[in-house]
Peer 1: 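Have a look at this one.
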Amino acid sequence: MSVRVRFAPSPTGFLHIGGLRTALYNFLFARHHGGSFILRVEDTDQERTVPGAVENIIEMLRWVGLEFDEGPHVAGPYGPYVQSQRLELYQQQVQLLVERSAAYYAFDTPEELEHMRERQRRAGIAPKYDRFSMRNSFTLPPDEVQRLLAEGAPTVIRLLVPLDQEIRFHDIIRGEIAVHSHDVDDQVLLKSDGFPTYHLANVVDDHFMRITHVIRGEEWIPSTPKHILLYRAFGWEPPQFAHLPLLLNPDRSKLSKRHGDVAVEDFRQQGYFPEALLNFVALLGWNPTPDRDIFTLDELIASFELNKVNRAPAIVDRKKLDWMNAQYLRMLPVDRLAHELQPVLHSLNYPEFPSEYVARVIALLRERVDRLPEIATFGDYMFVPPRHYDWEYFRKYWHEELPAWLEELSAVLEHLEPFVTERLQQRIRQFAEERGQPLRALVHPLRLILTGKSVGAGMFETMEVLGKAECIRRIRIFLTEQLPTIAEQMRTA
RNA sequence: GGCGCAUUCGUCUAGGGGUUAGGACACCGCCCUCUCAAGGCGGAAACGGGGGUUCGAGUCCCCCAUGCGCUACCA
């Protein structure tokens with residue numbers, strides 16, 4: 001039987017990186033075994049469903065390169081893939097359970113349930129549906145039950161959990177897990193609005209969609225016994241289970257927005273590469289080989305093994321993501337990067353530049369930043385003349401004769417051909433030596449004049465990319481507009 | 001409270017009876033150097049505690065502690 005797995009988000013918000021990892025592991029498992037990767041939308045809670053959430057989830061997964069084989073947007077033989085479109089199926093199936101006495105009707109109001117829990121809390125016992133004291137088909141006479149049903153009174157259907165039984169199941173990641181039926185609640189299966197709860201819909205769909213492996217978050221471990229009970233009651237073979245460890249904030253709390261960005265969309269917006277984000281998230285809870293950290297999707301697929309996934313939760317470390325993204329920034333082809341940087345340059349209102357030029361700037365600066373968009377800000381001087389100068393830096397290398405040298409150097413550069421790194425290096429070094437100065441006495445002022453900053457790529461490489469005309473222009477502007485006043489300050493200071 | 005899951009450097013992890021407990025990020029130092037990076041070299045840094053089992057436990061078992069999850073007509 002071929003492997004079939006599903007990613008089953010509820011459309012209640014944006015895809016966050018925990019969801020991304022769950023989707024990724026499902027995807028890796030499916031691809032590794034040549035199986036199918038299915039999207040199923042679990043929108044059984046009318047109140048919490050957020051319009052547009054499904055589209056966002058699909059778009060984010062597509063952005064990182066995870067494509068589904070079946071789902072609401074691609075169809076498939078086991079649809080519909082949206083639970084709100086399968087209500088009739090759940091209702092039919094749960095009816096079977098009632099007929100087999102594996103489930104029963106209950107008529108309690110929310111207030112009655114609240115009172116029950118209040119009593120239990122005061123008595124110091126675990127809150128759990130009390131089958132024998134509430135209003136349901138156990139406590140009510142049959143004709144009364146019939147009457148309530150006929151009247152259309154608010155009704156739910158609950159799972160009849162066996163009284164004294166150990167429920168056990170095997171988890172691929174964690175091994176045997178056992179829970180006593182005492183500790184399993186008579187879970188609502190069909191809500192009074194006719195919608196199924198997660199538990200019912202999940203089991204029914206996994207069965208009819210022929211899901212072979214359920215790979216989901218650890219928070220589902222406590223309800224898996226209910227699912228096992230349902231499979232038994234239906235007489236179906238349960239799928240295999242694998243519960244993934246949680247992803248945590250740096251303070252070990254459950255991943256949340258309050259601790260920074262968690263939505264995949266946020267990372268995209270900040271200029272992280274999809275490859276880097278996916279690579280990073282893949283290594284939270286699993287690693288293909290301990291000797292390196294950078295893997296292609298194909299490599300991840302080839303080495304993925306569910307039973308090698310860790311059991312302990314993992315903390316999301318932004319620093320490592322930054323490092324990983326930087327690795328990709330250095331190895332991705334510059335023409336792609338240039339293409340992606342153009343919109344950023346545009347949004348910053350920089351003039352238009354040919355991709356050829358943008359590519360050269362990227363090659364020049366990519367080792368100095370973590371994310372592509374930073375090139376536009378860190379290297380702003382490659383696109384517009386410096387507007388601010390780091391005078392502190394300038395002061396450090398100030399020399400009485402600097403104004404004169406700059407005049408002379410400007411003339412020298414005018415005649416330098418070709419205007420390339422090696423020639424610049426050689427000529428400026430010679431220029432400094434002729435004046436009994438170390439190279440840095442010229443390079444630093446030049447850097448300030450050309451870039452406004454104290455940091456950046458190699459000066460000669462930078463000059464070559466900037467081009468002769470622009471270099472000379474910036475020196476001339478500096479000489480006439482900045483130097484007269486600044487020189488005066490330097491002398492008096 | 002009950003039930004469940006988990007526990008190796010600060011973080012991600014390798015390890016599955018015999019290891020100087022390895023790698024990566026971050027951190028510190030040195031080298032390189034026109035600055036900043038990158039890179040190279042080096043450093044500091046971990047098996048939560050207690051009992052067992054065994055000739056021998058990070059590795060197996062039990063207890064405790066701690067953390068997290070679940071405990072809805074949410075998923």
Side-chain angles (χ1 to χ4, degrees), chain A residues 8-12 42-45 47-49 106 108-110 113-114 117 120-121 124-129 154-158 171 173-174 177-180 182-185 187-199 201-202 216-225 243 245-246 248 250 252-254 280 283-287 289-294 310-324 326 330 365-369 378 390 393 396-397 425 428-429 432 438-448 451 453-460 462:
Chain A
S10 63
T12 53
E42 310 224 326
D43 59 342
T44 53
D45 187 342
E47 310 246 316
R48 296 207 316 155
T49 295
D108 316 282
T109 65
L113 290 169
E114 189 41 52
R117 291 191 193 101
Q120 291 168 332
R121 199 169 51 240
I125 55 177
K128 197 181 149 197
Y129 185 75
T155 308
V156 300
I157 295 179
R158 288 182 179 268
D171 185 285
I173 295 171
R174 292 152 207 280
I177 296 178
V179 175
H180 197 95
H182 286 316
D183 302 313
V184 180
D185 206 0
Q187 185 61 235
V188 169
L189 299 176
L190 194 73
K191 303 187 249 187
S192 57
D193 64 0
F195 276 66
T197 57
Y198 171 86
H199 309 283
N202 197 259
R216 80 232 294 196
E218 176 185 344
E219 69 270 25
W220 292 109
I221 292 178
S223 41
T224 305
H243 289 95
L246 261 22
L248 268 29
R252 310 201 74 85
S253 60
K254 194 176 177 181
F280 172 70
L283 267 34
L284 256 24
W286 170 69
N287 81 316
T289 102
D291 63 342
R292 62 194 173 108
D293 288 289
I294 306 298
N310 278 153
R311 292 179 290 275
I315 292 172
V316 177
D317 179 11
R318 280 295 284 258
K319 288 276 186 56
K320 183 134 186 187
L321 205 214
D322 284 339
W323 170 81
M324 193 164 280
R330 280 166 218 160
L365 298 173
R366 73 206 309 198
E367 284 187 354
R368 264 152 265 257
V369 296
F378 180 86
D390 181 347
Y393 170 56
K396 260 179 85 177
Y397 294 95
Q425 161 105 284
I428 293 175
R429 189 181 291 280
L439 181 62
R440 63 175 178 277
L442 272 307
V443 165
H444 292 290
L446 219 37
R447 178 180 297 283
L448 185 276
T451 74
K453 300 178 180 184
S454 63
V455 299
M459 202 59 245
F460 309 115
T462 303

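Every chain is numbered from 1, with letters handed out A, B, ... down the list of sequences.
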Peer 1: For B:U71, give the paired nucleotide (Watson-Crick: N1-N3 plus N6-O4 or O6-N4; G-U: N1-O2 and O6-N3; both under 3.5 Å), or none.
Peer 2: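 Partner of B:U71: B:G1.
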Peer 1: Looking at A:F378, I'd like to know if the NZ or CZ of A:R368 sits under 6.0 Å from its six-membered ring centre while staying within 45 degrees of the ring's axis.
Peer 2: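 Relative to the ring axis of A:F378, which defines the angle, A:R368 lies outside at least one limit.
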Peer 1: Does A:H243 offer a backbone N or O that forms a donor-acceptor pair with the side chain of A:D171 under 3.5 Å?
Peer 2: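 Yes, the answer is positive, given that a donor and an acceptor are paired below the 3.5 Å cut-off.
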Peer 1: Could you pull out the protein-nucleic contacts involving nucleotides 58-67 of chain B (nitrogen or oxygen on both sides, under 3.5 Å)?
Peer 2:
none

Peer 1: Counting any heavy atom closer than 4.0 Å, what does A:V188 reach on the DNA or RNA strands: base, sugar-phosphate only, or nothing?
Peer 2: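 Since only primed, P, OP1 and OP2 atoms lie under 4.0 Å of A:V188, the category is sugar-phosphate.
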Peer 1: Rounded to whole angstrom units, what separation is found between the CH2 atom of A:W286 and the P atom of B:A14?
Peer 2: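 For the pair A:W286 CH2 and B:A14 P, the rounded distance is 11 Å.
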Peer 1: Strictly by Watson-Crick or wobble contacts shorter than 3.5 Å, is anything paired with B:U7, and which nucleotide is it?
Peer 2: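 B:U7 is paired, partner B:A65.
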Peer 1: For A:N310 and B:G16, what is the distance between atoms CG and C1' respectively, to the nearest whole Å?
Peer 2: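 Nearest whole value for this atom pair: 13 Å.
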Peer 1: Using the rule given for side chain to side chain contact (heavy atoms under 4.5 Å, CB included), can you reason through A:R216 versus A:T224, listing the C-alpha separation, both sets of side-chain angles and the distance that settles it, and then say yes or no?
Peer 2: CA-CA 11 Å; A:R216 80 232 294 196; A:T224 305; 3.3 Å; yes
Peer 1: Starting from the C-alpha separation in whole Å, work towards a yes-or-no answer on side chain to side chain contact (heavy atoms under 4.5 Å, CB included) for A:D45 and A:Y198.
Peer 2: CA-CA 9 Å; A:D45 187 342; A:Y198 171 86; over 6 Å; no
Peer 1: For the pair made of CD1 in A:I221 and C1' in B:C5, what is the distance, rounded to whole Å?
Peer 2: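 The distance from CD1 of A:I221 to C1' of B:C5 comes to 5 Å, rounded to the nearest Å.
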Peer 1: Using Watson-Crick or G-U wobble geometry with both distances under 3.5 Å, which nucleotide pairs with B:C27?
Peer 2: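 Across any shown strand, B:C27 pairs with B:G43.
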Peer 1: Considering Watson-Crick and G-U wobble pairs with both distances under 3.5 Å, what does B:C36 pair with?
Peer 2: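 B:C36 is paired with nothing.
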Peer 1: Rounded to whole angstroms, how far apart are CG on A:L284 and C1' on B:U13?
Peer 2: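 Whole-Å distance recorded here is 10 Å.
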Peer 1: For A:L246 and B:C12, give me the distance from atom CG to atom P, rounded to whole Å.
Peer 2: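 Going from A:L246 (CG) to B:C12 (P), I get 13 Å.
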Peer 1: What string of B, S and - do you get for nucleotides 25-37 of chain B 5' to 3' if you count protein non-hydrogen atoms under 4.0 Å?
Peer 2: B--------BBBB
Peer 1: What is the distance, rounded to the nearest whole Å, between atom CD of A:Q120 and atom C1' of B:G2?
Peer 2: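 Roughly 12 Å, once rounded to whole Å.
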Peer 1: So, for A:K191 and A:T197, which heavy atoms are closest and what is the spacing to 0.1 Å?
Peer 2: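 For A:K191 and A:T197, the tightest heavy-atom pair comes out as CG-CG2, 3.8 Å.
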Peer 1: Can you measure A:N287 atom CG to B:U8 atom P for me and round it to whole angstrom units?
Peer 2: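 Distance, rounded to whole Å: 15 Å.
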Peer 1: May I ask which nucleotide in the shown strands pairs with B:G58, Watson-Crick or G-U wobble, both distances under 3.5 Å?
Peer 2: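 Per the H-bond distance test, none.
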Peer 1: How many whole angstroms separate atom CG of A:D183 from atom P of B:C5?
Peer 2: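 Rounded to the whole Å, the gap is 12 Å.
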Peer 1: Is the shortest distance from a Lys or Arg side-chain nitrogen in A:K320 or A:D317 to a carboxylate oxygen in the other one below 4.0 Å?
Peer 2: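 A:D317 and A:K320: not salt-bridged.
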